[in-house]
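For reference, the structure discussed in these notes is given below.
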Amino acid sequence: MGGLDETGTTGSGPELPLSARAKEMRPVTYLDELNPAQREAVETLEGPVLMLAGAGTGKTKALTSRIAHLLNTETARPNQILAVTFTNRAAREMKQRVQQLLGMTVEGMPWLGTFHSICAKLLRRHAELVGLKSNYCILDTDDQKRLLKQIIIAENIDEKKWSARLLAHIIDEWKNRALTPANVPLSESDAFNHRAVPLYALYQERLKTLNAVDFGDLLLHMLTVLQDHGDVLENYRRRFRYILVDEYQDTNIAQYLWLRLLSRGHGNVCCVGDDDQSIYSWRGANVGNILRFEKDFPGAKVVRLEQNYRSTPHILAAASGLIAANRDRLGKTLFTELGDGEKVRLASLWEGEDEARWIGGEIEAMQGGIRGSRTFGLDEIAILVRATRQMRAFEDRFLAIGLPYRVIGGPRFYERQEIRDALAYFRVACSPTDDLAFERIVNTPRRGVGDKAQQAIQLAARSRGISLLESARALASGGQLAARAGSAMTALVERFDRWHRMALSPSLSHIELATEILDESGYTEMWTLAKTPDASGRVENLKELVRALEQFENLQGFLEHVALVMENESESSERKVSIMTLHAAKGLEFPAVFLPGWEEGLFPHQLSLDENGIKGLEEERRLAYVGITRAEELCTVSFAENRLVYGQWQANLPSRFIDELPEAHVDVLAAPGRGCDGGGWSETADTGVAERAASADVYNSPGWKRLQARSATSRPVPGRRTAVDLNATAEFTCGDRVFHEKFGYGYVMEVTGDKLDIEFERAGGKKVIARFVVPAERAS
DNA sequence: CCAAGGCCGGTTTTT
DNA sequence: CCGGCCTTGG
């Protein structure tokens, strides 16, 4: 279970004299297992330390050993250590490994957790300092957007032009940068048609009335508390004598400020990170934090962990060669002592389906004992994609050939509609004033309470300053609703009253209560009767939800857990191939990794380049680096020359990242699927692709050569038809030499309306809309 | 009040 | 091409 301790599982434990016992129980061995760099990072307990830990260099080991060392030398007691991670997974792993090292349970480490869970816990203690009650509820992004939408509509703003989604994004960014409505710089006040700042302020007001916070607030409020209340700050500075931060390259500005406040004074802060693995800038992460560490924390000791224990040499060299193309980096030289191993394999396929088919074939071949090569279990294999839409092809293919797979990081269990609905019922039952939850389920399942009735309830609630449930009760009993809505509301209010009483009664099992709520509300029935194909799955999920309740003492505790630990915890032990995004793969490793879809536009992703230019490109490259470095023994990069994108066939160039892989460490597979075995596993690959002309290795394929050659040989015949650019920027005629942002220079071959057929020198033949090209002489 | 059709948008995603 | 969301018409 997660690193969230809000539910009290470990947080409320007594502060044990853990280190003393640890010593009795187990002799110090952890130091002997460290290399010199790791050892230095572990043993430098005082003052700021930056551990620059490359991929696979034993960073978690160093971090956990450091905690063990702090405890074992009695430098700190467990409750004096603040250790923060980003994900529950990381927190859980850290806890387990400290336990392993010390050979005991770490019940007494209350301050090891995610930024969010630790802040949530602290904020419960100090909620009143920011105008909240300690039982505040934590909204997820869905609630957040619904709330913003209400505000936008209430302010008479055209929601279509100015979406809640956009506003949520703007506000999140400000919160990431620790900007309260009052602090937003004037230069940014024009955002959202000059309305963003006042709307932000309104939103914060509304949250306060609801006694609610969003994720960003957890950090921001705690920051406010520490900044404005010297006594509280002093208290925590004295308490958290040693601070450890995992994945420092992913911290945002609010988190950075928070850490600085807490560590100023003793300065015992140890940050671990890798600037080359910073892939979350779009979520507010600020690589600058790690790049600036030595300036921010004067006298900092910087330790580089450069010995890689994960990947074989070719894989490591390929990754290092690739990332060397990035400019803004601290720079590390990773090395390994592992034996030879395979080169990174590179395969070119005709189209996306072929790619899935080929990889499926490879995986099957890797199962059975192909003579001379190692076999890989399904759970040792991962497919890492750039975008979720790439997953479909693999799922289809694997279903077809009966290859067990699991998609990691898909829509999470607690984010599914039916689960969120059920939780909303539980929320209202526990706290009848939870308006957002009430709103969500007031007419789900349909019970005849439509827009009009809901608006009346809202209005009355606002004007009288009462909750929606109370308002509904008043209107229903006063006969102020339409007949159908009125009777439905009376029944619903009555039920909630009863459920609330049951929730308060300690004698009643919360599992029975949950079951009753779902049955009596008609919610389970709604899905049982639904005729959509996914209905039965949803009923299953509801059952699973009730099962998950068993691990908690009451509904309240469960709801608190869910708010922060949005994970699907049903882990089957069956062996399966993992399919996930590159982002989701960070921190994981697999013996064999497939990296499909290395095509310009997809990876690096076009939007990333468009929006962030060179910075975007460098982040994409780091993503590629993360991908390759997940592999222990076998890494296979592939690309498809053609891909169906939003129903349109698109011809793609191989990713520039392919060119950046050092040739000496790459094994270009000859024509996978054609029977010319280049790699060792290919002979059993599906030969259905054999007839496809253009499948060949990247650099020597006939198709590739043809593309290269074409521009030199073909000269268009000057033509008659002329395209009129609708934006009146230029007119084109057959034979014109033109320039395109993405495809480079080429000649216009044919003109159809505003569409041009262009032979590009590098990219080959494309159909392009006229306004996307400029005459070559105008290209900068 | 609800179901069917039109329209837009469309990377990555933890807490 | 697909899904979510909103509008429209019954």
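The basis for the numbers below is simple: all heavy atoms, side chains too, and nothing from hydrogens, waters or symmetry mates. Everything numeric in this text was worked out from a predicted model, so none of it was measured. Labels below follow one simple rule: chain letters A, B, ... track the order of the sequence lines, proteins then strands, and each chain is numbered from 1.
Here A:Phe86 lies in heavy-atom contact (under 4.0 Å) with sugar-phosphate atoms only. Across all strands shown, A:Glu620 has heavy atoms under 4.0 Å from base atoms, whether or not it also approaches the sugar-phosphate.
As a whole-Å value, the separation of A:Leu617 CG from B:dT11 P is 19 Å. Taking atom CZ of A:Arg89 as the reference point, atom C1' of B:dT15 lies 14 Å away to the nearest angstrom. One interatomic measurement links the two molecules: CG of A:Leu588 to C1' of B:dT13, which rounds to 15 Å at whole-angstrom precision. Remark: C1' of B:dT12 and NE2 of A:His169 are 13 Å apart, rounded to the nearest angstrom. Put simply, CG on A:Leu623 is 15 Å from P on B:dT11, counting in whole angstrom units. Look at NE2 on A:His583: it is 15 Å from P on B:dT15, rounded to the nearest Å. Summarising the geometry, the separation between CG on A:Asp172 and C1' on B:dT14 is reported as 12 Å, rounded to the nearest angstrom. Distance CG (A:Asp246) to C1' (B:dT14): 14 Å, rounded to an integer number of Å.
For A:Ala584, the listed nucleotide lying nearest its side chain is B:dT13; candidates were B:dG10, B:dT13, B:dT15. Among the nucleotides C:dC5, B:dT11, B:dT13, the one closest to the side chain of A:Lys149 is C:dC5. Checked against C:dC6, B:dT15, B:dT13, the side chain of A:Tyr280 finds its nearest nucleotide in B:dT13. Set against B:dT11, B:dT15, B:dT13, the side chain of A:Trp282 has B:dT13 as its closest nucleotide.
Stacking of the aromatic ring of A:Phe215 onto the base of B:dT15 is found: the ring centres lie under 5.5 Å apart and the planes are inclined by under 30°.
Using a 4.5 Å cut-off on side-chain heavy atoms (C-beta onward), A:Arg329 and A:Ile323 make contact.
For A:Leu220 against A:Ala178, the heavy-atom pair with the smallest separation is CD1-CA, 3.6 Å.
Here CD1 of A:Ile253 is found 10.5 Å from CD of A:Glu173. Values are rounded to the nearest 0.5 Å. A:Glu93 CD to A:Thr85 OG1: the interatomic distance, rounded to the nearest 0.5 Å, is 10.0 Å.
Around the CD atom of A:Glu525, the shell of radius 6.0 Å holds no more than 12 heavy atoms that belong to other residues, nucleotides or ligands.
Between A:Tyr136 and A:His221, the gap from one ring centroid to the other reaches at least 6.0 Å.
Comparing A:Arg389 and A:His116 by the nucleotide of DNA chain B that holds the closest heavy atom to each, the one mapping nearer the 5' end is A:Arg389. Each of A:Gly216 and A:Tyr646 has a nearest nucleotide on DNA chain B; the 5'-most of these lies closest to A:Tyr646.
In this structure, A:Arg283 satisfies the cation-pi test against A:Tyr280, with its NZ or CZ atom closer than 6.0 Å to the six-membered ring centre and inside 45 degrees of the ring normal. A:Phe603 does not carry A:Arg621 over the face of its six-membered ring by the limits of under 6.0 Å from the centre and within 45° of the normal.
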Grab the N/O contacts between the protein and nucleotides 1-7 of chain B below 3.5 Å, and write none if there aren't any.
unit_1	atom_1	unit_2	atom_2	d
B:dC1	OP1	A:Gly448	O	3.4
B:dC1	OP1	A:Gly450	N	2.5
B:dC1	OP2	A:Asp451	N	3.2
B:dC2	OP2	A:Asn443	ND2	3.4

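Here A:Thr581 does not reach the OP1 or OP2 of B:dT11: none of its side-chain N or O atoms lies under 4.0 Å away.
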